[in-house]
Trainee: 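I am attaching a structure below and will ask some questions about it afterwards.
Reminder, nothing fancy here: chain letters follow the sequence lines and each chain counts from 1.
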Amino acid sequence: MMKRYDFKTSEAKWREYWFNDNIYESVDFSEKPKKYILAELPYPSGKFLHVGHMMRYTVPEIYSRFLRMRGYNVLFPMGWDCFGLPPETYAQKEGITPQEAIEQATKAYKISMMDMGYAIDWNREINTSDPEYYKWTQYMFLILWRRGLAKQQEMPVWWCNELGVLADEEVLPAKDGNGRVSERGGYPVQRKMFKQWVLDIPAYADRLISDLDKVDYEPSVKLAQKNWIGRKEGAQVKFDIDGNEVEVFTTRPDTLFGVTFIALSPQHTLIDQLLDKIDNKQEVLDYIQKAESLTDLERQTKEKTGVKLNGIYAKHPLDATKTNIPVMVADYILTDYGTGAVMGVPAHDERDREFASKYGLEILEVVEKPADFDAKAVFTGEGTIINSGVYNGLNSTDARLKIVNDLEKLNKGRKATTYKVRPQIFSRQRYWGEPIPLVYKQDNSIEAVAEKDLPVTLPVMRDFIVGSDGTSPLEKNTEWNSVNDSTGQPAKRETDTMPTWAGSNWYYMRYIDPKNDKAPADIEKLKYWMPIDMYFGDAGHTTAHLLYSRFWFKVLFDEGVVPLDEPYMYRMSGGMLLGPDGGKMSKSRGNVINPKDELEKYGADALRTYLAFIGPYEETYPWNPRGLEACSKLVQKIYDLKIKVSDAAIADETSKLLNKMIKNMTDMMDELKMNTSVSEIMIFVNHLPKLESINKEVWEKFLLVIAPFMPFIAEELWQEFHGYTKWNKENSIHLQSWPSFDLSLLDEKVSEIPVQINGKLRSEIPVTPDDNEQTIRTKVLQNEKLIKHMDGKEIKKLIYIKDKIVNVII
RNA sequence: GCCGUGGUGGCGGAAUGGCAGACGCGGAGGUCUCAAAAACCUCUGGGGCGCAAGCUCCUUGAGAGUUCAAGUCUCUCCCACGGCACCA
């Protein structure tokens, strides 16, 4: 009876040797070519790494091992994204501080990564909540602030009584369809205006689009970046409303003569000034209040509502006869997109039409519809301009140019571009984040904390819960927030903290130089390691995180802190791992897989192999316990083979299969196809038991190719095979070279190829390398089956693709 | 509604425009066993014909197109998933 492979003992042993000797060290300025493989760092919240994390990390990790064996100096680092809500809520529940929660969680996460055998140089571990780390986050914030890219602005924000201000990403539609709730906790959330720190990402929008040419992301990822930025060309047009100048943005200046109303968002600043001039002030005030408190509801119902400002009219900028354009307040106008005001052209815009129909506003067509156009539908296309005075007869493109040109001459408008991406809110009224390193002087002006005084350390506080007044918990800590300004006068610290994504905007730089106390990272080291060759992460981060961190990096480039202006050369986003029932893993469904149990039962090699085998990295698939079992059996089968290893000669077939496997795996792993690579291993393992004995050279090469997938058993068998009695770092299989293959062995002589008749597969014929179309034709005419199918007809045409196929057309 | 991604056996999935279904799971039958588990061997997309080796038709969400040849390229439609949601 075969001995069972004792993975527990083996894994514990090698893990200890590997990490004590740091065999996966990434060497700065090594002679070898570098590869920087990055996987998004986890935020440690629970007690053990989630199985979803493992699926996210295993494929990139196997790839990094492959590259190391191919002679690269590889950086595959890991760290912890520690700030943010999850540790705070966890700490609150456990009655500890977030600092303590983080310490527990990072320890546990690190152990589980070591248990998985991840090839990480732990000397480069980082923690975004470590003051030595966030010192540099604060330093970077000050760069943004000095450059005017971090500024304070009244912003409509999601407000939650329990959690304070939330980011868009932290807010979800409520399950019952009424309003919105917080992502964590499910508390009710509403819109409120608040003064917030924001990052001016739109200022870099054009570069963020054009520099996509410098990188090699998947086309869909590039497209997602472009769509998220949402650049739109058009014009800003000034309307005179009761003596005030109001700008609107439009992508269709050619429809300017079709304006029959102006609509302002409920938060538009002009409304205040007009209130006393109208006779329906109370109605308007009521409407605005309702719009603010019921925004969510209105959005759900999709019915557009509004209210007229009685007696207030706008003047048309190009048509002096139109001085009586009604002005409406409407909640379908967004406060923070464009200018917060639109020109209503109900003839050529669906939303304007819906609104105008409801409130009895005029509909004036200014673009000619095609003759066959449905009379009731809204024509939003382009065409010949009508009802537009001197512009009549022009096509839309020409009219657009001419109208904008004329507006510019009169100083009543200009060509303009607007973006969907908005200034991103960068402050949180919460405890567990990086303090914003600014100080309010007595005159309320703002001063930066001197660089030598960084980091501004977050004080340890037991009572870190957000007050329901919406102020940061740091507001209560007067001992901490009372300081002196640079002139020695009493001043007060900014008590808002930064959002979770502050630290994760630049973490990849710190791995390069994790202990530097003079700079975020040494510029020469950055030159060596950057850019990141491949970036792996969550599909949900393909838009926001990727964009914000690219923005951040470009600002650092402009400041001279980093030597290039794009951080990631390639991005691949991973799919999701579902429960065995095919549903999303969740406690309430009871379908959560605990990786610790699986690791206990089957070992790391089996789990790693399964996570690689389960499917392509980008796809989503359910967990299948049988699949893991199969991989566990594979590990055992490999172990059982070792007794067959001998000096006996290599059979031709084995040699061919070995070379084929190595060749295929080399190609596949370069393309990150780890699932089919595992298939290749399986095919070869299915062949080996048929042999009387396994030649030593075959065994050696075989162990090398399984090493990235099953590092533990590969090391075990490698050490045993070589008869190493004492651990010596240099002898580790993981520091050896990937085996080469002999192409000449793969020149398979094709002896038979399929023949189609009229595209249908009918038979095979024998071929030789010397065959030409003529000899093939002869062979076809000799084949009984083919003769039968040709049914006496003549060959009209014969297509012969060498070594592939013959197609006979009759 | 918009944007994106995808749709291939009972299931996860393979297929530089050239023999669809590699590999794995599951299933069926068998060997071993008092029996079971494990392990091993054979078969396994569907229909029809045949005692049988085999023969034959159909098959990559639906429909059209390009091509000697389409899972793969083009168009239209349907469905699922992810993201954004009144974006002027």
Trainee: What is the distance, rounded to the nearest whole Å, between atom CG of A/L546 and atom C1' of B/G4?
Mentor: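 The answer, rounded to whole Å, is 15 Å.
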
Trainee: For A/K690, report the nucleic acid contact type (base, sugar-phosphate, nothing); a contact means any heavy atom under 4.0 Å.
Mentor: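 Nothing, no heavy atom under 4.0 Å.
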
Trainee: Taking B/A15 as the reference, what is the distance to B/G30 when you measure between their P atoms (whole Å, please)?
Mentor: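 That atom pair is separated by 36 Å.
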
Trainee: Using the benzene-type ring in the case of Trp, are the ring centres of A/F536 and A/Y617 under 6.0 Å apart?
Mentor: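 Ring-ring flag for A/F536/A/Y617: true, centres closer than 6.0 Å.
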
Trainee: With C1' as the reference atom in both, quote the distance from B/C79 to B/A69 in angstrom, rounded to an integer.
Mentor: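 Going atom to atom, C1' in each nucleotide, I get 29 Å.
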
Trainee: Look at the side chain of A/K797 against the base of B/C68 and say whether a donor-acceptor pair falls under 3.5 Å; ignore hydrogens and angles.
Mentor: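 Checked by distance alone, the answer is no.
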
Trainee: Identify whether the glycosidic angle of B/G9 places it syn (within 90° of 0) or anti.
Mentor: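 Syn conformation for B/G9.
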
Trainee: Taking only Watson-Crick and G-U wobble pairs with both distances under 3.5 Å, what dot-bracket line describes RNA chain B, where [ ] shows pairs that cross earlier ones and | shows pairs with another strand?
Mentor: (((((((..(((.....[....)))((((((.......))))))(((((....)))))..(((((..]....))))))))))))....

Trainee: Atom CE of A/M576 to atom C1' of B/G12: distance rounded to whole Å?
Mentor: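 The distance from CE of A/M576 to C1' of B/G12 comes to 16 Å, rounded to the nearest Å.
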
Trainee: Provide, to the nearest angstrom, the distance between the NZ atom belonging to A/K637 and the P atom belonging to B/C23.
Mentor: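 Roughly 12 Å, once rounded to whole Å.
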
Trainee: Suppose you measure atom P in B/G10 against the same atom in B/G48; what distance do you get, rounded to whole Å?
Mentor: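 So the two P atoms sit 15 Å from each other.
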
Trainee: Need one value for A/I333: base, sugar-phosphate or nothing, where a base atom within 4.0 Å counts as base even if backbone is also close, heavy atoms only.
Mentor: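 Touches a base.
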
Trainee: Tell me: CG of A/L547 to P of B/C3, nearest whole Å?
Mentor: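 So the two atoms are 20 Å apart, to the nearest Å.
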
Trainee: Please state how far atom CZ in A/R422 lies from atom C1' in B/C84, giving the value in whole angstrom units.
Mentor: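 After rounding, the gap between these two atoms is 10 Å.
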
Trainee: Please report, rounded to the nearest Å, how far the P atom of B/A38 is from the OH atom of A/Y5.
Mentor: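 Atom-to-atom, A/Y5 to B/A38, this comes out as 22 Å.
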
Trainee: Please report, rounded to the nearest Å, how far the C1' atom of B/A38 is from the CZ atom of A/R626.
Mentor: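 To the nearest whole Å, that distance equals 14 Å.
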
Trainee: Just checking, A/R571 and A/Y217: is the charged tip under 6.0 Å from the six-membered ring centre and within 45° of the axis?
Mentor: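 No, a cation-pi geometry is absent between A/R571 and A/Y217.
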
Trainee: May I ask you to check whether A/F684 and A/F702 place their ring centers less than 6.0 Å from one another?
Mentor: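 Yes, they do, as the ring centres are separated by less than 6.0 Å.
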
Trainee: Taking atom C1' in both B/G18 and B/G71, compute the distance separating them and give it to the nearest angstrom.
Mentor: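 Their C1' atoms lie roughly 13 Å apart.
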
Trainee: Is it the case that over 12 heavy atoms from other parts of the model lie below 6.0 angstrom from the CD atom of A/E784?
Mentor: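 At most 12 heavy atoms, drawn from other residues, nucleotides or ligands, come within 6.0 Å of this atom.
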
Trainee: Assign A/K226 to base, sugar-phosphate, or nothing according to its heavy-atom contacts below 4.0 angstrom with the strands shown.
Mentor: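 Nothing, no heavy atom under 4.0 Å.
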
Trainee: Want to settle it: does A/K584 or A/D352 sit nearer the 5' end of RNA chain B, counting the closest nucleotide to each?
Mentor: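 It is A/K584, whose closest nucleotide lies nearer the 5' terminus.
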
Trainee: Counting side-chain heavy atoms from C-beta on, which of B/G24, B/C55, B/C86 comes nearest to A/A630?
Mentor: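 Minimum distance to the A/A630 side chain belongs to B/G24.
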
Trainee: What is the minimum heavy-atom distance between A/Y419 and A/P202, and which atoms define it?
Mentor: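 Answer, listing the atom of A/Y419 first, then A/P202: CE1-O, 4.4 Å.
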
Trainee: Could you tell me which residues satisfy side chain to side chain contact (heavy atoms under 4.5 Å, CB included) with A/A416, sequence neighbours excluded, listed by chain and number?
Mentor: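 Once residues adjacent in sequence are excluded, the partners of A/A416 under the side chain to side chain contact (heavy atoms under 4.5 Å, CB included) criterion are A/Q236, A/F249, A/R414.
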
Trainee: For the C1' atoms, the ones on B/C25 and on B/G45, what distance do you get once it is rounded to whole angstrom?
Mentor: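 So the two C1' atoms sit 16 Å from each other.
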
Trainee: Given B/A39, is OP1 or OP2 found less than 4.0 Å from the side-chain N or O atoms of A/K633?
Mentor: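 For B/A39, OP1/OP2 do have a side-chain N/O of A/K633 under 4.0 Å.
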
Trainee: Under 30°, 30 to 60°, or over 60°: which ring-plane class applies to A/W501 and A/Y548, parallel, tilted or perpendicular?
Mentor: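 Taking A/Y548 first and then A/W501, their aromatic rings sit tilted (interplane angle of 30° to 60°).
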
Trainee: Looking at every non-hydrogen atom in both residues, tell me the closest pair between A/K222 and A/L212 and how far apart they are.
Mentor: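 Heavy-atom minimum between the residues: NZ-O, 2.9 Å.
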
Trainee: Could you check which of B/U56, B/C68, B/C40 has an atom nearest any side-chain atom of A/I809?
Mentor: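 Given the options B/U56, B/C68, B/C40, the side chain of A/I809 is closest to B/C68.
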
Trainee: So, do A/S573 and A/D538 sit near enough that their side-chain heavy atoms are less than 4.5 Å apart?
Mentor: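 No, too far: nothing below the 4.5 Å cut-off.
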
Trainee: Select base, sugar-phosphate, or nothing to describe what A/H789 touches, counting heavy atoms under 4.0 Å on all strands.
Mentor: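 Contact class for A/H789: sugar-phosphate only.
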
Trainee: Produce the list of close N/O pairs, under 3.5 Å, pairing protein atoms with atoms of nucleotides 58-62 of chain B; give distances to one decimal.
Mentor:
residue: B/C58; atom: OP2; partner: A/K760; partner atom: NZ; Å: 2.9

Trainee: For atom P, what is the distance between B/G17 and B/A70, given to the nearest Å?
Mentor: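 So the two P atoms sit 14 Å from each other.
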
Trainee: Could you note down all residue pairs passing salt bridge (charged side-chain N to carboxylate O under 4.0 Å, His left out) where residues 669-688 of chain A supplies at least one of them, sequence neighbours left out?
Mentor: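 Qualifying pairs, neighbours excluded: A/R70-A/D670, A/E671-A/K673.
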
Trainee: What interatomic distance, in whole Å, is found between C1' of B/U67 and the corresponding atom of B/A52?
Mentor: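 Comparing C1' positions in B/A52 and B/U67 gives a spacing of 41 Å.
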
Trainee: In whole Å, measure the gap between the C1' atoms of B/C78 and B/G61 for me.
Mentor: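 Straight-line distance between the two C1' atoms is 7 Å.
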
Trainee: What is the distance from CH2 of A/W623 to P of B/C25, rounded to the nearest Å?
Mentor: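 A/W623 atom CH2 is separated from B/C25 atom P by 15 Å.
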
Trainee: B/G83 phosphate, OP1 or OP2: any side-chain N/O from A/H541 under 4.0 angstrom?
Mentor: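 Result: no.
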
Trainee: Tell me, yes or no, whether the heavy-atom count around A/K601 atom NZ, taken from other residues, nucleotides or ligands under 6.0 Å, exceeds 12.
Mentor: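 For A/K601, atom NZ is not crowded (no more than 12 foreign heavy atoms under 6.0 Å).
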
Trainee: Hey, would you say the A/F261 and A/F355 ring centroids sit under 6.0 Å apart?
Mentor: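 Between A/F355 and A/F261, which both carry aromatic rings, the centre distance is below 6.0 Å.
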
Trainee: Give the nucleotide from the list B/G4, B/C86, B/G24 with an atom nearest to the side chain of A/L223.
Mentor: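 Closest nucleotide to the A/L223 side chain: B/G4.
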
Trainee: For A/K238, check side chain to side chain contact (heavy atoms under 4.5 Å, CB included) against everything at least two apart and list the hits.
Mentor: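 Result, side chain to side chain contact (heavy atoms under 4.5 Å, CB included) vs A/K238: A/E245, A/E247, A/N411.
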
Trainee: If you take the centroid of each ring, where Trp contributes its six-membered ring, are A/W623 and A/Y610 closer together than 6.0 Å?
Mentor: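 That pair passes the under 6.0 Å test.
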
Trainee: Which atom pairs link the protein and nucleotides 13-19 of chain B when you take only N or O atoms and keep those under 3.5 Å?
Mentor:
residue: B/A14; atom: OP1; partner: A/N675; partner atom: ND2; Å: 2.9
residue: B/U16; atom: O4; partner: A/K804; partner atom: NZ; Å: 3.0

Trainee: Side-chain N or O of A/R762 versus OP1/OP2 of B/C57: is the shortest distance under 4.0 Å?
Mentor: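 Looking at the OP1 and OP2 atoms of B/C57, one of them is under 4.0 Å from a side-chain N or O of A/R762.
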
